**Student:** 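Before anything else, here's the structure in question.
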Amino acid sequence: MNPDTSVCRRCGMPLAYDAYLLAAEGRPSSPDPAQCRHCATGTEIVDRTGQSADNKWILDLILRTYQAKSSRGTRAVASALGKLPGALPSGIRSLTDLVNSVPEKRSGSVDAMVLYSGGKDSSWMLIELAQRQGLNVVAWMLDQGYQSPAAIKNAEALCNKLGVELVIAKPERDPMDTLFRLGFGVNETDDPDLIRAAMTYGSACWPCFATIAAQATLFCRDNDVAFCFIGTQKGQNRMDLAGSPALSGGALPPVTSLLDKFVAPMREHARATAPDSAELLATADCRSVLIPFYEFVEKPPFPEQIADLERAGWHMPRNTGACSTNCMMNELGRKVMRNQYGFDLYQIIDANERRLSDSPEPAPVAALDEDAVRRGAKLMELTPVERLKFGVDE
Ligand SMILES: [Zn+2]
């Protein structure tokens, strides 16, 4: 049976995904077969973060609180500003809670690590952060075995130029590939929570991001890291299963908050089916808090962003597919998803962004870069049976 590939005519949300989530949450389905429930019921869009031009000043306030010997001044400012109506974009719930969640500066600790892929968004973020005076930044990358050589070259050149230390963690290939295969095969389990998570976080992206989140906590603990910056776009920051903004709790979330979401279910699945691979998902306690950078700093339009990056010596890789500027498996992961579920996670991310911005018509569902799909399949040494099953070969 072919999966349903239709999307909401307003926001572009895959309708199969919308229906799956609503059923899982025991909510009524959408009253309009051509729209998702969110659009069909005119659900009020309370989160207007996407429309606020620039929240950079809030990030400045966070970093100033961290640098200050006494945070009393910035806490007073936060408390006063937080009371002004309309001062806060509503994706950020409480300035006081935000400022109160800033960790203390300790000697010998790393101020900030960046979850760094070498791709365009984390590279642009790194440039912005490295220019902040007095902030000791380390770029931390997971090479899951499928980073484009061009992305690693970009990372090395950029870190060198910025004077930022680059740390690359490289897990063993076999257990890492096992995790990817687990992600690809989630649809064959009968666990609705696992399936929902794979749909939301991505067949290939979920195992990768779970490993990043887990191993980042080890680095955070060992280096007493205060801030962990993440360069996910706004639509991704709403990809927790409830679709709520990353900062809706008010405070900066602890890095360990990623563990329940991304790591624990994948680790349990791995422990039950391929225990060796579960070891890649070992975690540590740490005090680091997460800063979703693009909730605060507006990403420039694509051509400007690329121009900024190229001025800094970064070059667009040519082997990663349409939705990634670092990973050679990304397009294969999308193919697997479309074949199994009828959609891929980028459609969900984009739909979340459209809901934020109220922009009119959804873009048509774009075709995949089949060359990139086949390259990924070859790199991963998929068997002929797997290639058929995942739709790589017709
Ligand atoms: Zn919709």
Side-chain angles (χ1 to χ4, degrees), residues 55-71 74-75 77-78 91-117 121-142 155 158-159 162-167 169 209 212-234 236-237 245-259 261-262 283-299:
N55 305 317
K56 215 173 184 169
W57 63 275
I58 302 179
L59 180 59
D60 287 338
L61 191 70
I62 290 169
L63 294 178
R64 222 175 304 149
T65 304
Y66 175 72
Q67 303 279 17
K69 284 217 169 60
S70 154
S71 59
T74 50
R75 284 181 211 280
V77 170
I92 292 169
R93 290 295 133 87
S94 161
L95 210 50
T96 308
D97 290 350
L98 210 57
V99 166
N100 282 336
S101 64
V102 171
E104 73 172 309
K105 189 173 169 72
R106 293 182 192 156
S107 66
S109 65
V110 166
D111 296 330
M113 79 184 285
V114 167
L115 296 185
Y116 189 45
S117 71
D121 293 340
S122 62
S123 292
W124 197 85
M125 166 173 74
L126 187 67
I127 294 172
E128 285 276 307
L129 288 173
Q131 288 163 349
R132 286 175 190 269
Q133 304 245 320
L135 199 65
N136 160 13
V137 181
V138 173
W140 182 91
M141 175 192 281
L142 181 90
L158 194 60
C159 288
L162 297 170
V164 166
E165 186 188 350
L166 173 65
V167 174
F209 197 67
I212 290 173
Q215 302 209 356
T217 62
L218 309 181
F219 185 85
C220 286
R221 176 199 58 194
D222 293 347
N223 297 279
D224 195 32
V225 174
F227 296 112
C228 178
F229 281 87
I230 184 164
T232 40
Q233 64 188 83
K234 286 192 176 113
Q236 265 169 309
N237 296 340
L247 297 172
S248 57
L252 293 167
V255 166
T256 49
S257 69
L258 293 174
L259 304 182
K261 232 160 87 171
F262 297 109
T283 61
D285 268 335
C286 61
R287 68 175 182 123
S288 321
V289 295
L290 202 62
I291 301 197
F293 182 78
Y294 290 111
E295 294 292 324
F296 299 102
V297 178
E298 197 74 2
K299 198 160 52 176

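Computed from a predicted structure; not experimentally measured. Residues take their numbers from the sequence shown, with the count starting at 1.
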**Student:** Any side-chain heavy atom of Tyr294 sitting closer than 4.5 Å to one from Trp124?
**Tutor:**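 A side-chain contact under 4.5 Å exists here.
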
**Student:** I need the Thr232 OG1 to Glu295 CD distance, nearest 0.5 Å.
**Tutor:**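 CD of Glu295 is found 7.5 Å from OG1 of Thr232.
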
**Student:** Is the shortest side-chain heavy-atom distance between Asn55 and Val297 below 4.5 Å?
**Tutor:**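 In short, these two side chains do not touch, never coming nearer than 4.5 Å.
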
**Student:** Assign the ring pair Trp140 / Phe219 to parallel, tilted or perpendicular, where the plane angle (0 to 90°) is split at 30° and 60°.
**Tutor:**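 Tilted.
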
**Student:** Under a 4.5 Å cut-off applied to non-hydrogen side-chain atoms, are Thr256 and Thr283 in contact?
**Tutor:**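 They are not in side-chain contact.
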
**Student:** Going from NZ on Lys299 to CZ on Phe293, what distance comes out if it is rounded to the nearest 0.5 angstrom?
**Tutor:**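 CZ of Phe293 is found 11.0 Å from NZ of Lys299.
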
**Student:** Report yes if the side chains of Val137 and Met113 come closer than 4.5 Å at any heavy-atom pair, otherwise no.
**Tutor:**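 No; the side chains remain at least 4.5 Å from each other.
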
**Student:** What residues, two or more places apart in sequence or in another chain, satisfy side chain to side chain contact (heavy atoms under 4.5 Å, CB included) together with Ser109?
**Tutor:**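 Tyr66, Arg106, Asp224, Arg287.
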
**Student:** Of all heavy-atom pairs between Val289 and Ser101, which one has the smallest distance, and what is that distance?
**Tutor:**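 Nearest pair, atom of Val289 first, then Ser101: CG1-O, 3.8 Å.
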
**Student:** Does a side-chain heavy-atom distance below 4.5 Å link Leu129 with Phe227?
**Tutor:**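 In short, these two side chains do not touch, never coming nearer than 4.5 Å.
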
**Student:** Restricting to non-hydrogen atoms, name the atom on Gly231 and the atom on Asp121 that form the minimum distance, rounded to 0.1 Å.
**Tutor:**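 Residues Gly231 and Asp121, closest heavy atoms: O-CB, 3.7 Å.
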
**Student:** Do Ile212 and Ser117 come within less than 4.5 Å of each other through their side chains, counting heavy atoms only?
**Tutor:**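 Contact flag for Ile212/Ser117 side chains = no.
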
**Student:** Step through the shown structure and confirm whether more than 12 heavy atoms of other residues, nucleotides or ligands are within 6.0 Å of CG on Asp285.
**Tutor:**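 It does not: Asp285 CG has 12 such atoms or fewer within range.
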
**Student:** From Ser94 OG over to Asn100 CG, what is the distance, rounded to the nearest 0.5 angstrom?
**Tutor:**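 Between atom OG of Ser94 and atom CG of Asn100 there are 8.0 Å.
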
**Student:** Check whether any side-chain heavy atom of Val114 sits under 4.5 Å from a side-chain heavy atom of Val138, and report yes or no.
**Tutor:**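 Counting from C-beta outward, Val114 and Val138 never come under 4.5 Å.
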
**Student:** Tell me whether Ser288 contacts the main-chain N or O of Val225 through its side chain, where contact means a donor paired with an acceptor under 3.5 Å.
**Tutor:**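 The answer is yes, because a donor-acceptor pair under 3.5 Å joins these two groups.
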
**Student:** Would you say Tyr116 and Val167 make side-chain contact, with heavy atoms under 4.5 Å?
**Tutor:**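 No; the side chains remain at least 4.5 Å from each other.
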
